[in-house]
Amino acid sequence: MPIIAPPPPAIVALQAHAPADTRNAAIVRTAFADWRAGRRSIFDLLAPDFRWTIEGSGPSAGTYDRQSFDALLEPFNAALAAPLLPSLQTVVANGDQVVVRFSATAPLKGGGTYRNRYAWFLTMRDGRIARVTAFLDLSAFDAVRERGGD
């Protein structure tokens with residue numbers, strides 16, 4: 001088995017002092033890769049005082065704090081037979097602002113598959129997600145929420 005040497009000190013220093021957009025894009029890409037691999041969820045990056053806004057019209061549109069966001073997701077997650085599997089398409093960062101475009105699928109307990117496409121506009125703070133503005137097909141999301149665990 002080959003021995004993998006650590007990166008040279010100059011590379012380590014560059015990573016530590018990389019511009020905010022480079023760091024934030026890397027944090028988000030890594031979190032999505034981990035989410036896809038089942039190691040953790042992108043939601044693990046949420047700051048304790050985050051605010052999540054879902055744009056559009058429908059029962060789920062609005063702005064949420066941690067407690068209300070957890071309550072929003074509870075019936076949705078209960079309807080899934082397996083966790084969402086994201087497929088990342090785009091990550092664009094400018095300072096603390098990161099835009100992510102991805103799709104996600106999951107089998108449903110009642111049969112069928114949930115499919116959706118997302119665009120999330122993230123505001124990062126100290127490596128965590130402080131604010132989100134999310135765009136998605138709300139009718140598909142709300143239909144799954146209404147099914148709950150049935």
Quick one: pull up CG in L85 and OG1 in T105 and give me the separation to the nearest 0.5 Å. 5.0 Å

Are any non-hydrogen side-chain atoms of N24 and D96 less than 4.5 angstrom apart? yes

So among Q97, R51, R128, which one has a side-chain hydrogen bond (donor to acceptor under 3.5 Å, both in side chains) with T123? Q97

Using 30° and 60° as the class limits, which term best fits the ring planes of F50 and F69: parallel, tilted or perpendicular? perpendicular

Using salt bridge (Lys or Arg N to Asp or Glu O under 4.0 Å), reason through D49 and R125 one step at a time and then give a plain yes or no. CA-CA 11 Å; D49 61 343; R125 182 181 67 226; 2.5 Å; yes

According to a hydrophobic-cluster definition based on side-chain heavy atoms being under 4.5 Å apart (Ile, Leu, Val, Met, Phe, Trp, Tyr only), do F32 and V91 belong together? yes

Value rounded to 0.5 Å, distance of CZ in R36 from CZ in F102: 12.0 Å

Spatial distance of atom CH2 (W35) from atom CG (L88) [nearest 0.5 Å]: 10.0 Å

So that I know where these two stand, are F141 and F76 an aromatic pair - ring centroids less than 6.0 Å apart? yes

Begin from the C-alpha positions of K109 and L80 and carry the test side chain to side chain contact (heavy atoms under 4.5 Å, CB included) through to its verdict. CA-CA 6 Å; K109 287 180 181 174; L80 304 180; over 6 Å; no

Would you say T53 and V132 make side-chain contact, with heavy atoms under 4.5 Å? no

Side chains of L45 and R40: does their closest heavy-atom pair fall under 4.5 Å? yes

Which pair of heavy atoms, one from V98 and one from M124, lies closest together, and at what distance? CG2-CG, 3.8 Å

Before you tell me yes or no, could you show the steps for V144 and L108 under side chain to side chain contact (heavy atoms under 4.5 Å, CB included), namely the whole-Å CA-CA distance, both residues' side-chain angles and the distance that decides it to 0.1 Å? CA-CA 8 Å; V144 171; L108 298 170; 3.9 Å; yes

Between F135 and W120, does the ring centre distance come in under 6.0 Å? no

State, to 0.1 Å, how close R66 and A47 come at their nearest heavy-atom pair, and which atoms those are. NH2-O, 3.3 Å

Heavy-atom pair of closest approach, residues E146 and P59: OE2-CG, 4.4 Å

Counting heavy atoms not belonging to E74, are there more than 12 under 6.0 Å from its CD? no

Backbone of L72 reached by a side-chain donor or acceptor of R145 within 3.5 Å: yes

Return the CG to OG distance between L46 and S41, rounded to the nearest 0.5 Å. 8.0 Å

Between the side chains of S139 and D142, is a donor N or O closer than 3.5 angstrom to an acceptor N or O? no

Report the C-alpha separation of S68 and D65 in whole Å, then their side-chain angles, then the decisive distance to 0.1 Å, and conclude whether the side chain to side chain donor-acceptor pair (under 3.5 Å) test is met. CA-CA 6 Å; S68 59; D65 61 10; 2.9 Å; yes

For A104 and L84, which heavy atoms make the closest approach, and how far apart are they? CB-CD2, 4.1 Å

Should S103 and R115 count as side-chain neighbours, where that means a heavy-atom distance under 4.5 Å? no

Do I129 and F43 sit in one hydrophobic cluster, given that two such residues count as connected whenever their side-chain heavy atoms are within less than 4.5 Å of each other, even indirectly? yes

State, to 0.1 Å, how close I42 and A31 come at their nearest heavy-atom pair, and which atoms those are. CD1-CB, 3.4 Å

Are the side chains of L136 and I54 in contact, using a 4.5 Å heavy-atom criterion? yes

With a 4.5 Å heavy-atom cut-off, do V99 and L122 have their side chains touching? no

Identify the heavy atoms of A106 and P83 that sit nearest to each other, and give their distance. CB-O, 3.9 Å

